Structures are given as C-alpha cells and as structure tokens.
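Everything below concerns the one structure shown next.
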Amino acid sequence: MSEFHEAIVIGGGPAGLTAGIYLRRAGIDVLLLEKGIVGGTPLQTERIENYPGFPNGISGKELMERIVEQGRQFGLTIKEFCPVASIVRDGERFAVTSGNETFESLGLVITTGTTSVKLGVPGEEEFQGRGVSYCATCDGWFFADLDVAVIGGGDAAIEEGLTLANVVRKVYVVHRRDRLRAQQILQDRAFKTGKMEFLWNKIPVRISGSDAVESIILEDTKNHQITEVPVSAVFVYVGSRADTAFLGGLVDLDGAGYVISGEDLSTRTEGLFVAGDIRKKSLRQVATAVGDGALAGVNLEHYILEKR
Ligand code: NAP
C-alpha cells in the first residue's frame, strides 16, 4: 500500500521548506521527504550575512530551525531519513520510492540541491573523518591551534577558510589559479586576517599521513614543482554537483548536470517542478533558493487545483 499526498516536496533545505510552506498555506496536502535531517546546506554554514532581515547575520542552523518551525506551524509533514531512490510517472500520479516505502502524489517539487565534489586524489577517501573534511563548521574545532589547508578559491572555500581562521593556528588556501573566484567582500576579509596564507597556482596531488592527515603534497601548475606542506587537516571546497540519477529521464539536464527548468520552474514532465541549487541558475544562495521554493510551490498549487 502506498501513501498518497496531493504534493510531495523532495529535499528539506531552504527551497524545499519554502515550497512546503507555500503549499500548506494554500491548503494543499503536502509531504516533505528529506534524506537526512531537515535544514539542508545552510546547516553547515557558521554565519549567513546576506539573507535579508538579519542585519547582524544569523547562524545557518538558527535560520533553518526558524524556517522548519514556520513549516510545522502551518502543518507541514516532514519525514526525515527518507532518501528517494526513484520516481516514476504513473498516469496522473507520481510514485516516489524510498527503501521499501512508496509515496504517491499528483505533483512534485524537487529541491535536493547539490553535493560536494571530491578532489579525487590519493589519501582523500582514506583520511575522510581523520583530517579530510567537507565541512569546516562541523569539524574545524578538532583542529584548534593546528595548521590546516583549504582547497578551492570560490565562496565556499573562502567563507569556510574564514570560519577556520577563528579557530586554528594557520589556514593554507590552496588554489589552482592566481586569483580567487569568491565574492570581493570575502576576499577582502581573507586577505586581512593575517592567518590565511595563499598558495597560488597549486593543485593537491596527494594527502598523506599515518593514522591521520599529516601533510598535503602540491604540484605547481606553472613549473610542476612538488612541495609538501605539513597540515593536520584538509578541507575540500572544489565545487558541488547536482545528484539527479533518481530523476531518471523525467527532466532535461544542462552540460554541467543541473536540471533545466522553465520560468515557472516547471520541467519537461507535467506536474514536476524544481527549486534551489539543483536547477540551472546563475546564483546559488539561500535567498534565491527561498524565491525558487515560493515560485515552485505556487505553480504546483495551481497545477493541483486544476487536477483535483
Ligand atoms: P565554486 O564557486 O564552483 O568554486 C569551486 C572552486 O574550486 C573554484 O575556485 C575552482 O577553481 C576550484 N576547483 C574546482 N575543481 C578543482 C579541482 N579539481 N582542483 C582544485 N581546485 C578546483 O563552488 P563553491 O565555492 O562550492 O560554491 C558553490 C555555489 O554556492 C556557488 O554558486 C557559490 O556562489 C555558492 N555559495 C555562496 C556562498 C555565499 O554567498 N556566502 C557560500 C558558499 C557557496 P577555479 O576558480 O579555477 O574554477
């Protein structure tokens, strides 16, 4: 027996929760499925300063707790630890499978976001949890007063590098070019801390150690010289990728693997909408995820009202 809801939202980050709030407020019966704990990527962000309404910034965890609370107040049903394996279109309905459970709905909003890209160098997998990390906010404290490396030059690398700089002795920022991609305000702060050393034009070739990380081996992209930098941890921020395998052939993807959506956030399958980082878009922020969630929620509401 499968459980039926008019709408199912898959993914419990800012986009999914906002879609859920909009759908609930429109009187739609909606279930939100989250593969882990609800809250999404912002749970791993120490401080969010560019989400309007919080002039002094807010911790990612607190912001998400508030949004979850808002959802619950409107009667949003959230099911955690429910990873979706597949979605099948069956006539007018969708069948969503997670483990041995199946949920059916008239429409869907997919908001499963992205996952961290791996470096793919020897030692990365071996030392994961023993010095290799993808979350400075979660693991930074273990390396208080030690030297660590951050890999990457985007917003995530610099923002998380700044978080680490508050805790550790020194942060080496390893970047493959000689200028950062991150927003200027983050760059200015990073150059000012005095605790971040920039290793330009370098790519990691190996992470080394015995029981835990002890060093990172780098290759210079210009002269191919190899150097070894002693560090106790390596934080990897080399981008993110949308995981869309569970969507089968229901959506179109762009060359980078993001879901292509219309202006109304519809996809090529009627009744299936996308919102947040999973979709092809030019800016991935909490503010844009929330906007997507609202738009997808309202458009799915209209679709459901027609089908009811
Ligand atoms: P990103 O913007 O794609 O940056 C990835 C960084 O890793 C780039 O500097 C890239 O170098 C480098 N890189 C990629 N592959 C590499 C490899 N194999 N070896 C070494 N370096 C490699 O990804 P992100 O920083 O994770 O951010 C993802 C999205 O979330 C972005 O849209 C970002 O704006 C957003 N975000 C925003 C905030 C914020 O607003 N505060 C915080 C975090 C994330 P190149 O520069 O040479 O390409």
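Bear in mind the structure is a predicted one, so any value in this text is a computation, not a measurement. Counting starts at 1 for both ligands and their atoms, following the listed order.
- Residue G154 has at least one N or O atom closer than 3.5 Å to an N or O atom of ligand 1.
- Remark: R206 CZ is loosely packed, at most 12 non-hydrogen atoms of other residues, nucleotides or ligands lying under 6.0 Å away.
- At a heavy-atom cutoff of 4.0 Å, ligand 1 is contacted by no atom of E49, backbone or side chain.
- Distance from atom 48 (O) of ligand 1 to its nearest protein heavy atom, with residue and atom name: R181 NH2, 2.7 Å.
- Under 4.0 angstrom from ligand 1, there are no non-hydrogen atoms of V174.
- In plain terms, the two heavy atoms of A294 and T18 that are nearest each other are N-CG2, 3.6 Å.
- Within ligand 1, counting atoms from 1 as listed, the ones closer than 4.0 Å to a heavy atom of Q285 are 37 (C), 38 (C), 39 (C), 40 (O).
- For atom 3 (O) of ligand 1, the closest non-hydrogen atom on the protein side is G239 CA, 4.0 Å.
- Counting only heavy atoms, the protein gets under 4.0 Å from atom 10 (C) of ligand 1.
- For atom 44 (C) of ligand 1, the closest heavy atom belonging to the protein is D155 CB, 3.8 Å.
- Across S240, A287, S282, heavy-atom proximity to atom 28 (C) of ligand 1 is greatest for S240.
- Residues E69 and Q73 have side chains that bring a donor and an acceptor to within less than 3.5 angstrom of each other.
- Look at Q183 and you'll find a heavy atom under 4.0 Å from some atom of ligand 1.
- Looking only at protein heavy atoms, the nearest one to atom 46 (O) of ligand 1 is R177 NH2, 2.8 Å.
- Atom 20 (C) of ligand 1 has as its closest protein heavy atom V238 CG1, 3.8 Å.
- H302 is listed as a side-chain neighbour of N299, based on a closest heavy-atom distance under 4.5 Å.
- The closest side-chain donor-acceptor pair between S208 and E214, if any, does not fall under 3.5 angstrom.
- Within the structure, the side-chain hydrogen bond (donor to acceptor under 3.5 Å, both in side chains) test picks out no pair touching residues 30-47 (sequence neighbours left out).
- With respect to the salt-bridge test (charged N to carboxylate O, under 4.0 angstrom), the residues R169 and D145 do not qualify.
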_Working note: L253 + L247, criterion side chain to side chain contact (heavy atoms under 4.5 Å, CB included); need CA distance, chi angles, decisive distance, verdict._
CA-CA 10 Å; L253 304 179; L247 292 171; 5.8 Å; no

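- Taking the six-membered ring where tryptophan is involved, the planes of F143 and F235 are perpendicular, since the angle between them exceeds 60° and thus also 30°.
- Atom numbering of ligand 1 starts at 1 in the shown order; those under 4.0 Å from a heavy atom of G152 are 7 (O).
- Grouping Ile, Leu, Val, Met, Phe, Trp and Tyr by side-chain contacts under 4.5 Å, direct or through others, puts L295 with L265.
- The protein heavy-atom contact nearest to atom 29 (C) of ligand 1 is R284 CB, 4.3 Å.
- Among protein heavy atoms, the minimum distance from atom 42 (C) of ligand 1 is reached at E159 OE1, 3.4 Å.
- Geometrically, ligand 1 and G153 share a nitrogen or oxygen pair separated by less than 3.5 Å.
- Counting protein heavy atoms only, atom 17 (C) of ligand 1 is closest to R176 NH1, 3.8 Å.
- For R279 and Y258, the positive end is not near the middle of the six-membered ring at less than 6.0 Å and at most 45° from its axis.
- The existence of a salt bridge linking K307 and E92 is confirmed by a sub-4.0 Å separation between a basic side-chain nitrogen and an acidic carboxylate oxygen.
- The contact set between ligand 1 and H175, taken as ligand atoms under 4.0 Å from a residue heavy atom, comprises 9 (O), 11 (O), 45 (P), 46 (O), 47 (O).
- When only interatomic distances are considered, the shortest N/O to N/O separation between A156 and ligand 1 falls below 3.5 Å.
- Within ligand 1, counting atoms from 1 as listed, the ones closer than 4.0 Å to a heavy atom of N50 are 40 (O).
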